[in-house]
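Read through the structure below, which is laid out as structure tokens, and then see the notes.
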There are 2 protein chains.
Amino acid sequence: MTRAETSPSSSNDKPKRPVSIRGVAEHAGVSIATVSRVLNSPELVSPSTAERVQRAVRELGYRPNLFAKSLLTRRSRVIGVSLPDIHGEFYAELMHNADRRACERGYHLLVSSNAHHPDDGPQNGFALDLVDGLIVMLTERVRVDLDAIAGLDIPVTVIGVDPPGMPVETIICDNTIGAARATEHLLVATPPERCFFVGAHVGNLDSDQRATAFASVLRGRGHEPDPRQIAHGEFSFEWGWEWAMERCDEGTLAGSAVLAANDEIAVGIVNAARQRGLDIPRDLRIVGFDDSRICSLLRPELSSVRVPVDEMAREAVDALIRSLEEPGSTPRHIRLATSLVVRDSSRTAPENP
Amino acid sequence: MTRAETSPSSSNDKPKRPVSIRGVAEHAGVSIATVSRVLNSPELVSPSTAERVQRAVRELGYRPNLFAKSLLTRRSRVIGVSLPDIHGEFYAELMHNADRRACERGYHLLVSSNAHHPDDGPQNGFALDLVDGLIVMLTERVRVDLDAIAGLDIPVTVIGVDPPGMPVETIICDNTIGAARATEHLLVATPPERCFFVGAHVGNLDSDQRATAFASVLRGRGHEPDPRQIAHGEFSFEWGWEWAMERCDEGTLAGSAVLAANDEIAVGIVNAARQRGLDIPRDLRIVGFDDSRICSLLRPELSSVRVPVDEMAREAVDALIRSLEEPGSTPRHIRLATSLVVRDSSRTAPENP
DNA sequence: ATACACGATGAAAACGTTTACGAAACACCG
DNA sequence: CGGTGTTTCGTAAACGTTTTCATCGTGTAT
């Protein structure tokens with residue numbers, strides 16, 4: 001601080017711009033156009049000069065300026081990923097697979113968890129101008145999101161909902177199949193009036209679809225589900241615990257079966273039930289949703305409906321890149337299936353001899 | 001398809017470039033310099049023309065081209081995040097908090113899980129030229145990573161290791177404190193020769209530090225730890241299970257206490273021990289590491305050493321932005337503490353009356 | 001009146017690329 | 001030897017900004 005004045009011609013704060021294509025051109029004794037051609041379409045340049053230019057590039061450690069390049073080509077090879085949230089391993093897995101695929105195809109991922117939040121700060125508009133396209137994951141039935149997306153002038157892939165009449169690629173996972181299979185599985189040993197669905201709040205797309213499938217199967221068995229058989233809360237351990245405790249206190253939990261809207265809710269229910277002395281699966285059979293890693297870490301292992309998060313991520317990236325590289329192609333709508341994974345928490349005696 | 005020729009002057013496949021600053025200037029009857037000034041330093045322009053320009057911007061829906069801007073300013077307001085992996089909720093939490101902070105400060109996150117992998121594809125070099133700075137998380141004691149980072153000509157913040165003599169900001173979490181506290185906690189009711197550390201592979205920075213702290217506390221109690229008291233495997237449920245099963249078969253697990261290098265290993269041990277009829281914490285006391293959400297979802301709840309992942313993420317972003325916006329400032333080295341969270345899995349009778 | 005500072009604005013030069021266009025060199029064919 | 005392609009390469013014009021410098025009034029002090 002006190003000796004800030006010393007060494008006025010200090011050598012360390014030189015800006016030192018990186019070498020540009022011009023430097024390479026001079027060093028190799030060619031024009032900048034030739035350098036550009038060597039880098040982008042080598043077949044247009046003679047082998048001897050190409051070799052000379054490549055040596056110059058190597059010796060000078062030249063790396064092209066991507067901003068200048070993008071300014072001209074209008075491509076950044078960056079795709080934006082907008083998630084409703086980044087909590088929990090579900091999103092970690094989603095991003096892991098998306099990143100992997102994007103990397104394979106020479107793209108990069110710009111992630112943000114709040115690109116479509118109400119408090120739309122200036123930084124969000126900023127990101128939109130930087131990316132070639134956008135992958136948006138939607139979980140709530142809110143129309144405003146779709147309007148905002150429709151206003152975008154870049155390719156978009158939507159995960160989680162298939163809005164009719166929107167010219168975007170969509171990836172959805174068919175909650176119906178898995179939820180229906182799970183419900184049928186529960187009905188094998190439990191009467192319909194003792195089956196429950198414990199979901200998140202009304203308006204959450206996944207939870208609602210799962211609830212609908214659950215109710216539909218019950219109706220198929222000639223049982224119109226009582227409203228109390230379908231509970232709404234949130235995707236949390238605490239909600240599962242709370243719900244189960246109330247049922248226990250009413251004495252209505254023993255001998256029933258539960259399909260939870262995600263694994264965390266299921267774990268809450270399991271813990272509460274055992275706290276009250278119920279045995280899983282003897283007194284309470286339960287199936288979760290997502291088939292997260294925790295399922296096989298629990299005792300008893302938790303049955304769950306598998307959501308193909310890895311495929312969803314890969315398909316989303318592929319779909320976006322397709323609409324990026326083949327503009328004008330009609331958007332596809334991909335539907336991935338969910339499937340039931342039966343483990344100990346829902347097994348009946350005859351199923352596990 | 002068959003009627004592709006119709007309507008030769010079809011209006012839909014027009015490239016339609018977005019309006020540029022020039023369009024705004026013409027529409028407002030000013031020069032492009034004035035438009036730029038209105039947008040970047042409004043105090044330099046008279047209120048009346050500023051208002052006129054802003055109206056033109058609004059009417060035309062103008063958004064500045066970030067590539068052109070970055071080309072000139074050499075700033076993209078994007079920071080790269082290079083993680084060793086994106087599995088599990090630890091990284092989800094890290095990214096969630098990093099994204100949140102970056103967004104608050106007007107930056108965006110470009111993530112990649114493989115930026116420093118051996119198969120260094122062209123896309124990685126690509127990303128480096130796009131970001132203003134880089135946050136790198138290191139977990140392995142491999143020197144080559146550091147060399148590669150030193151060769152970068154952009155600001156870097158390193159998470160996880162504090163390499164001496166490198167002019168970068170560093171964020172490390174002090175595994176020592178938490179591991180030592182946990183070991184002391186175990187020693188309260190278990191003799192030193194019955195305490196075990198179950199770690200990941202040798203060379204993993206966190207696991208090794210935790211092991212060293214464990215051994216150090218034992219030595220402080222006058223007990224030189226037997227090599228068999230410190231086991232090496234990997235950060236997985238399966239490794240914990242396997243280790244515990246072997247100890248059970250030897251008959252050496254009952255009556256002992258374990259510090260696991262992460263929560264997943266701990267869960268594996270807990271499950272194996274219970275499978276063999278041991279009661280937690282009566283027959284086996286155990287403490288995990290990371291204090292992940294699963295700790296409070298288990299029964300008994302798992303004691304664990306809390307790693308301040310949220311703070312790490314925020315500090316990393318802040319540190320990088322600092323070295324971005326105040327170049328020449330001497331890099332800081334931030335050390336965050338870990339702390340023991342005692343739950344049921346390690347409680348002794350007197351501690352829980 | 002002259003000089004001068006000052007606030008508001010425009011003209012033009014960058015920034016580092018890609019690419020259309022054209023010129024030179026060369027081969028081939030008549 | 002003159003036309004005609006075909007490579008190969010350089011010139012120069014974009015791309016959309018920011019920023020320096022100059023210009024032009026306008027008000028104020030001499």
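Each chain gets a letter, A, B and so on, in the order the sequences are listed, and its residues count up from 1.
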Short side-chain to backbone donor-acceptor contact, Asn40(A) and Ser36(A), under 3.5 Å:
yes
In 5'-to-3' order, the base (B), backbone-only (S) or no-contact (-) status of each nucleotide in nucleotides 17-27 of chain D, using a 4.0 angstrom heavy-atom cut-off, is BBBB-------
Test item: Ser76(A) side-chain N/O and Leu130(A) main-chain N/O as donor-acceptor pair under 3.5 Å:
yes
If you count heavy atoms of other groups shown closer than 6.0 angstrom to CZ of Arg22(A), is the number above 12?
no
State the NE2-CG distance between His96(B) and Asp310(B), to the nearest 0.5 angstrom.
9.5 Å
Quick one about Glu93(B) and His87(A) (side-chain donor to acceptor, distance below 3.5 Å, no hydrogens or angles considered), yes or no?
yes
What residues from residues 42-51 of chain B pass a heavy-atom cutoff of under 4.0 Å to DNA chain D?
none
To the nearest angstrom, how far is Leu60(B) atom CG from dG16(D) atom P?
14 Å
Counting only N and O atoms by type, is there a donor-acceptor contact under 3.5 Å from the side chain of Ser323(A) to the main-chain atoms of Leu320(A)?
yes
Between Asp85(B) and Ser113(B): side-chain donor-acceptor atoms closer than 3.5 Å:
no
Please step through salt bridge (charged side-chain N to carboxylate O under 4.0 Å, His left out) for the pair Arg314(A) and Glu311(A), ending with a clear verdict.
CA-CA 5 Å; Arg314(A) 282 197 300 268; Glu311(A) 273 185 85; 5.7 Å; no
